[in-house]
2 protein chains.
Amino acid sequence: MATISHPKLDQIALANVLSALADDTRLAIIRFLADCEDRQAMCGSFLHITTKSNLTYHVGKLREAGVVRVTPEGTRRLISLRRGELDALFPGLLDSILAGIPKGTGETALRELAAEHREVAAASN
Amino acid sequence: MATISHPKLDQIALANVLSALADDTRLAIIRFLADCEDRQAMCGSFLHITTKSNLTYHVGKLREAGVVRVTPEGTRRLISLRRGELDALFPGLLDSILAGIPKGTGETALRELAAEHREVAAASN
DNA sequence: TTCAATGTTCAATGATCATTGAATTAGTCG
DNA sequence: CGACTAATTCAATGATCATTGAACATTGAA
């Protein structure tokens, strides 16, 4: 496989970053990564969220938007937040988003969100 | 038309807000609104960005996500950022996004993009 | 070399998106 | 009333999205 490509700093666009983060699955991923601090996670760390091929898809989105860095290491891929770079480009953005992710986004959250959805849908008209 | 509906605070979800802001047209709109400070803008204020019916669409998106408040006033609709409410829910989010919107997003950008397009089209011949 | 573990690719599906323009509603003023 | 302004609705289009599962590729280790 060709080497994994990442956007350079000047190729990271706000709209793309927002678009990449505008999804519960991907919010769950970066929330997990933020908790990992320095230690890096691999794709398999997120299997509680969704399936493997779906993770490939979502991690790819995050990578292309410049949110995440993916490093091959043996048979795995180590994934880390591009925190410093994002902070430099959009100060405060990542922090405010991480702080705003509802607790439980991901696995268990799916059922909860489904319930919420029904309530909201019912209430909002 | 039935009264215009807006989500309540507890109905404003991060993913929806991000999704609403993940678009250059809508970024241009909120950038304009932020400049307006207290004074409110109407839909017509954005006709330099795109067409009327397209504005209805985008303003609707922003409203449903809870980013913007729309108030009928005579034959117009006054549009304002729900700044205080968003700041309370997601401190720092709106500011960091507003600060990160590239200068020229909107109108002028359209011409630039069109120029780019022509170049690309010309180059691929 | 064979195996198991880890991810990727691909095609298909259904959903949602952004854009367009014509027709329409709604409010205001002469 | 009738003309005017502001904005919405609607249908159509093409694009992109998220999800799924089966088949494939890569690596390290037995």
Side-chain angles (χ1 to χ4, degrees), chain A residues 1-6 13 15-29 40-65 68-80 105-107 109-110 113-114 117 121 125, chain B residues 1-6 13 15-29 40-65 68-80 105-107 109-110 113-114 117:
Chain A
M1 112 214 13
T3 48
I4 300 173
S5 98
H6 293 83
N16 287 341
V17 171
L18 294 178
S19 183
L21 297 178
D23 177 280
D24 282 322
T25 301
R26 296 194 288 265
L27 283 180
I29 292 176
Q40 297 181 312
M42 56 176 187
C43 278
S45 310
F46 308 113
L47 280 178
H48 55 114
I49 297 175
T50 180
T51 63
K52 272 196 297 185
S53 75
N54 196 230
L55 276 177
T56 297
Y57 172 72
H58 285 295
V59 170
K61 284 275 166 192
L62 289 170
R63 178 181 50 76
E64 285 163 21
V68 132
R69 186 170 297 281
V70 180
T71 315
E73 178 137 326
T75 161
R76 327 177 155 185
R77 274 105 208 285
L78 297 186
I79 302 169
S80 57
T105 295
E107 28 148 20
L110 295 183
L113 281 177
H117 250 277
N125 254 352
Chain B
M1 125 208 4
T3 50
I4 300 174
S5 98
H6 292 82
N16 287 342
V17 171
L18 294 178
S19 183
L21 297 177
D23 178 280
D24 281 324
T25 301
R26 296 194 289 265
L27 283 179
I29 292 176
Q40 297 182 311
M42 57 175 188
C43 278
S45 310
F46 308 113
L47 279 178
H48 55 115
I49 296 175
T50 180
T51 63
K52 268 197 296 188
S53 75
N54 196 230
L55 277 177
T56 297
Y57 172 73
H58 285 295
V59 170
K61 284 274 165 194
L62 289 170
R63 178 180 50 76
E64 286 163 21
V68 133
R69 185 170 298 281
V70 181
T71 315
E73 177 137 326
T75 160
R76 327 178 156 184
R77 275 107 208 284
L78 297 186
I79 303 169
S80 57
T105 295
E107 29 147 22
L110 296 182
L113 282 177
H117 252 276

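So that the names make sense, note that chain A is the first sequence line, chain B the second, and so on, each numbered from 1.
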*Searching all strands shown, indicate the nucleotide that pairs with D:dT20 (Watson-Crick or G-U wobble; both distances under 3.5 Å).*
C:dA11
*Ignoring hydrogens and angles, tell me if any N or O in the side chain of A:R63 forms a donor-acceptor pair with the backbone of A:H6 under 3.5 Å.*
no
*asked:* Measuring from atom OG1 of B:T56 to atom NE2 of B:H58, what distance do you get when rounded to the nearest 0.5 angstrom?
replied: 10.5 Å
*asked:* Expressed as a whole number of angstroms, how long is the span from B:K52:NZ to D:dA6:C1'?
replied: 6 Å
*Which heavy atom of A:D24 sits nearest a heavy atom of B:A15, and at what distance?*
OD1-CB, 3.8 Å
*Report the C-alpha distance between A:R77 and A:I4 in whole Å, list the side-chain angles of each, state the deciding distance to 0.1 Å, and finish with yes or no for side-chain contact (heavy atoms from CB on, under 4.5 Å).*
CA-CA 10 Å; A:R77 274 105 208 285; A:I4 300 173; 3.4 Å; yes
*For A:A20, does its backbone N or O pair with a side-chain atom of A:R26 as donor and acceptor, under 3.5 Å?*
yes
*Report the distance from atom CG of B:D24 to atom P of D:dA15, rounded to the nearest whole Å.*
19 Å
*Atom-pair distance (CZ on B:F46; P on D:dA6), nearest Å*: 15 Å
*asked:* Here's a test of your reading of the structure: between A:S19 and A:T75, which maps to the more 5' nucleotide of DNA chain D?
replied: A:S19
*C:dC17 phosphate, OP1 or OP2, under 4.0 Å from B:K61 side-chain N/O*: yes
*side-chain N/O B:R77 vs D:dT8 OP1/OP2, d < 4.0 Å*: yes
*Tell me, please, which residues at least two apart from B:A13 pass side-chain contact (heavy atoms from CB on, under 4.5 Å).*
B:N16
*Specify the separation, in whole Å, of atom CG of B:L21 and atom C1' of C:dA18.*
16 Å
*How many angstroms lie between OG1 in B:T50 and CD1 in B:I29, if you round to the nearest 0.5 Å?*
8.5 Å
*Grab the CG-C1' distance between A:L18 and C:dC17 for me, whole Å please.*
17 Å
Would you tabulate the pairs of protein nitrogen or oxygen atoms and nucleotide nitrogen or oxygen atoms of nucleotides 19-23 of chain C closer than 3.5 angstrom?
{"residue": "C:dT19", "atom": "OP2", "partner": "B:N54", "partner atom": "OD1", "Å": "3.2"}
{"residue": "C:dT19", "atom": "OP2", "partner": "B:H58", "partner atom": "NE2", "Å": "2.5"}
{"residue": "C:dG21", "atom": "N7", "partner": "B:S53", "partner atom": "OG", "Å": "3.4"}
{"residue": "C:dG21", "atom": "O6", "partner": "B:S53", "partner atom": "OG", "Å": "3.3"}

*Take the protein atom CD1 of A:I4 and the nucleotide atom P of C:dT8, then report the distance between them rounded to whole Å.*
7 Å
*Quick one: pull up CG in B:D23 and NZ in B:K61 and give me the separation to the nearest 0.5 Å.*
10.0 Å
When you compare the protein's N or O atoms with those of nucleotides 1-4 of chain C, which come within less than 3.5 Å of each other, and at what distance?
none

_Whole angstrom value for the distance that separates C1' of C:dG7 from CD of A:E73_ = 15 Å
*Atom CD1 in A:I79, atom CZ in A:F46: separation rounded to 0.5 Å?*
5.0 Å
*What is the distance from CG of B:N16 to P of C:dC17, rounded to the nearest Å?*
10 Å
*Examine C:dT28: is either OP1 or OP2 under 4.0 Å from a nitrogen or oxygen in the side chain of B:R76? Give yes or no.*
no
